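First up is the structure itself, then whatever we jot down about it.
Fair warning: this is a prediction, and the values are worked out from it, not measured in the lab.
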Amino acid sequence: MFQIFNTLTRKKEVFEPLDPSQVRMYACGLTVYDYGHIGNFRTFVAVDILRRYLRHRGYRLTHVMNITDVDDKTIEKSQQASVPLKDFTHKYIQAFLEDMRALNIETPERIPLATDHIPDMVELIRRLEQRGLTYRGNGSIYFQIKEFPSYGKLSNTDLSGMKAGARVDADNYEKLDVRDFVLWKSPKEGEPFWETAVGPGRPGWHIECSAMSMKYLGKSFDLHCGGVDLIFPHHENEIAQSEAATGKPFVKYWFHCEHLIVEGEKMSKSKGNFYTIRDLLDRGYHPLVLRYLLASAHYRKPLNFTFDGLHQADVSLERLCDFRLRLERHLPPGRSEGLQELIRASRAKFEAAMDDDLNTSGALGALFEWVREMNTVLDQGKLREDDRREALIFLDCVNAILGVFPFEAPSPDREVEILIREREDARKSREFARADQIRTELEQRGILLEDTPEGTRWKRRL
RNA sequence: GGCGCCGUAGCCAAGCGGUAAGGCGGAGGUCUGCAAAACCUCUAUUCCUCGGUUCGAAUCCGGGCGGCGCCUCCA
């Protein structure tokens, strides 16, 4: 029984999709004015593990993730770069997709762009206008919060104390009430705009997620995901405009990932603690080491990113990979007493942890415990072919959920094989200096050797 | 000021009322030509702090202290 924490109710709830045969989930993606940073990817990895686990649980799933390719920031940065908005965002969309691949994040079924859905947003705004929930000012259109009494239910915010009627002139747009938010922004000099049925302009930020999620998933759907910073006002506003337009509950479960901080502080460019995926790759880290680190803490707890932590993740992941590597061997047929039981029990522990609101730390604990027991069995030479196959199935299952193992078998390398054979010969004739020299040479090339009773094994450093 | 998250060994991190998982690091040992990997033993009488509830609290309640976040764009 899979339980998930729902921000809306502030409780863990048994997950039951609206349509038992199909889970429909939406996740807020990236605003593409720059490369995504490791904090962004913490959320995307958490959402990825969620979707993988739902599939493991047997659900078919439609997962939509938007990309915001028009907003204040994208416009500002593209103008600074003197590049047309579309070309500017294209570059970062491509980079984002590359980073997703590097982190082994599964591609959502749909990745809609805001600029491809202007008509859908306009349609939604018109519906809100027809219902008398909006007003205009200087060509912009605002959502009137006082028309939506349950406003604040997601973020547990009581906005009634804020001064209504105060004229706020933030960002040169006119609101009647500070709590109101903009649905449609009138065109400004030199900015991109669209000619539409609600007039010329461009969409406010919140409307795109409502329009695109409902277009692809229906008026009510199961899961809406994002970082905690989106709870207010973004998701609150989405609820208001969506439910006000349809009269139906918008989302059943709200899933929010806590923030990642760096060395105890909020990541920011000015502090110099701002890292993209590319930064870490440039420093020589395997992307899945980052994924492992992100997966090793529970998604609802703040994660303090440090390079020491990244190193610990590296070593831990390597332990799992080494175990997997030990399983690549020929074994006598049959099975050993009790091993099937051990595997089944460990698998049950792993799943119980994941069932409990994706407790990845607990799940990894179960996995490591099992690995130690299996290593002992291997040391004792008690593992047999059927056990080995079962163990590999379990590991594949773990990997289908966590997606952290860089398990591709090392691609054969003729040159390496020759050097290893040369070293074998040297060792046989007890020329250890020569043997060690070859080992050092290979190590400098990132090839690590291990001598086992069955011969020398090698692997690439992560 | 309002709302929220967090504080468990040197570090990371589970734990959700029944007597401290797991990983990294460290010490010692087994194995090895030496390594590596692996395994074994040890490494928190105690969970920021002070009170309370309870037969029993890291876990529940209240007061402190400390860190982080949101309330404006933010995953």
A:D71 vs A:R10, nearer the 5' end of RNA chain B by closest nucleotide = A:R10
Ring geometry between A:H37 and A:F274 (parallel below 30°, tilted from 30 to 60°, perpendicular above 60°) | perpendicular
Picking from B:rA38, B:rG33, B:rC39, which would you name as closest to the side chain of A:A435?
-> B:rG33
Does the side chain of A:N304 get closer than 4.0 angstrom to OP1 or OP2 of B:rC68 through an N or O atom?
-> no
Between atom CD in A:E443 and atom P in B:rC34, what is the gap in whole Å?
-> 18 Å
G-U wobble or Watson-Crick pairing nucleotide for B:rG17 (cut-off 3.5 Å, both distances) | none
Phosphate-side-chain proximity, A:K459 and B:rA36, N/O vs OP1/OP2 below 4.0 Å = no
Residue A:E369, side-chain heavy atoms: nucleotide from B:rA75, B:rG22, B:rC73 that is nearest = B:rG22
Checking only heavy atoms, does the side chain of A:R427 share a donor-acceptor pair with the base of B:rG33 at less than 3.5 Å?
-> yes
Is the NZ or CZ atom of A:R179 positioned over A:Y151's six-membered ring, under 6.0 angstrom from the centre and within 45° of the axis?
-> no
Report the distance from atom CG of A:N237 to atom P of B:rU72, rounded to the nearest whole Å.
-> 11 Å
Could you please name the option among B:rA75, B:rC74, B:rA14 that lies closest to any side-chain atom of A:H298?
-> B:rA14
Return the nucleotide paired to B:rG51: Watson-Crick means purine N1 to pyrimidine N3 with N6-O4 or O6-N4, wobble means G-U with N1-O2 and O6-N3, both under 3.5 Å.
-> B:rC61
Spacing of the C1' atoms in B:rC60 and B:rU54 (rounded, Å) = 10 Å
So, is A:N375 near the phosphate of B:rC39, with a side-chain N or O under 4.0 Å from OP1 or OP2?
-> yes
Just say parallel, tilted or perpendicular for the rings of A:H256 and A:W254, cut-offs at 30° and 60°.
-> parallel
Closest nucleotide among B:rG25, B:rA38, B:rA14 to the A:D379 side chain = B:rA38
Select base, sugar-phosphate, or nothing to describe what A:L448 touches, counting heavy atoms under 4.0 Å on all strands.
-> nothing
Whole-Å gap separating C1' (B:rG33) and CZ (A:R423) | 10 Å
Out of B:rA75, B:rC11, B:rG25, minimum distance to the side chain of A:D308 belongs to B:rC11
Nearest listed nucleotide, side chain of A:H259, among B:rC24, B:rC73, B:rG69 = B:rG69
When the distance from CZ of A:R319 to C1' of B:rC12 is rounded to whole Å, what number comes out?
-> 16 Å
Have a look at A:G36 and say if it touches a base, only the backbone sugar-phosphate, or nothing, with a 4.0 Å heavy-atom cut-off.
-> nothing
Determine the contact category for A:T31: base if any of its heavy atoms lies under 4.0 Å from a base atom, sugar-phosphate if only primed atoms, P, OP1 or OP2 are that close, otherwise nothing.
-> sugar-phosphate
Of the candidate nucleotides B:rG15, B:rA36, B:rA38, which contains the atom at the shortest distance from the side chain of A:E450?
-> B:rA36
Could you check which of B:rG22, B:rC73, B:rA13 has an atom nearest any side-chain atom of A:F368?
-> B:rG22
May I ask you to decide if the ring planes of A:F15 and A:Y253 are parallel, tilted or perpendicular, using 30° and 60° as cut-offs?
-> tilted
5' priority, RNA chain B, between A:H234 and A:D356 [closest heavy atom] | A:D356
Quiz item: A:K301 side-chain donor-acceptor pair to B:rC5 base, under 3.5 Å | no
Quick one: look up who B:rC73 pairs with, Watson-Crick or G-U, both distances under 3.5 Å, and put none if it's unpaired.
-> none
What is the distance, rounded to the nearest whole Å, between atom CZ of A:F274 and atom P of B:rA75?
-> 10 Å
Can you tell me the distance, in whole Å, between the CZ atom of A:R461 and the P atom of B:rA36?
-> 14 Å
CZ of A:F193: more than 12 outside heavy atoms within 6.0 angstrom?
-> no
Checking only heavy atoms, does the side chain of A:D436 share a donor-acceptor pair with the base of B:rG33 at less than 3.5 Å?
-> yes
Determine, using ring centers only, whether A:Y275 and A:F41 are less than 6.0 Å apart.
-> no
How are the rings of A:F255 and A:Y299 set to each other: parallel, tilted or perpendicular (split at 30° and 60°)?
-> parallel
Evaluate the ring planes of A:F221 and A:F250, with Trp represented by its six-membered ring, and classify them as parallel (under 30°), tilted (30 to 60°) or perpendicular (over 60°).
-> perpendicular
Out of B:rC74, B:rA37, B:rC16, whichever nucleotide has its closest atom nearest the side chain of A:K12 | B:rC16
Classify the side chain of A:D72 versus the base of B:rC74 as yes if they form a donor-acceptor pair under 3.5 Å and no if they do not.
-> no
Side chain A:Q312 and base B:rC11 donor-acceptor under 3.5 Å | yes
Nearest-angstrom distance from the residue atom NE2 of A:H235 to C1' of B:rG4 = 16 Å
Could one point to a donor on the side chain of A:S361 or the base of B:rA13 with an acceptor on the other under 3.5 Å away?
-> no
Between B:rC34, B:rA14, B:rG23, which nucleotide has the shortest distance from any of its atoms to the side chain of A:R372?
-> B:rG23
Side-chain donor or acceptor of A:R439 under 3.5 Å from a matching atom on the base of B:rA35?
-> yes
Using Watson-Crick geometry (N1-N3 plus N6-O4 or O6-N4) or G-U wobble (N1-O2, O6-N3), each under 3.5 Å, B:rC68 is paired with B:rG4
Could you tell me which nucleotide pairs with B:rU30 by Watson-Crick or G-U wobble geometry, both distances under 3.5 Å, or answer none if nothing does?
-> B:rA38
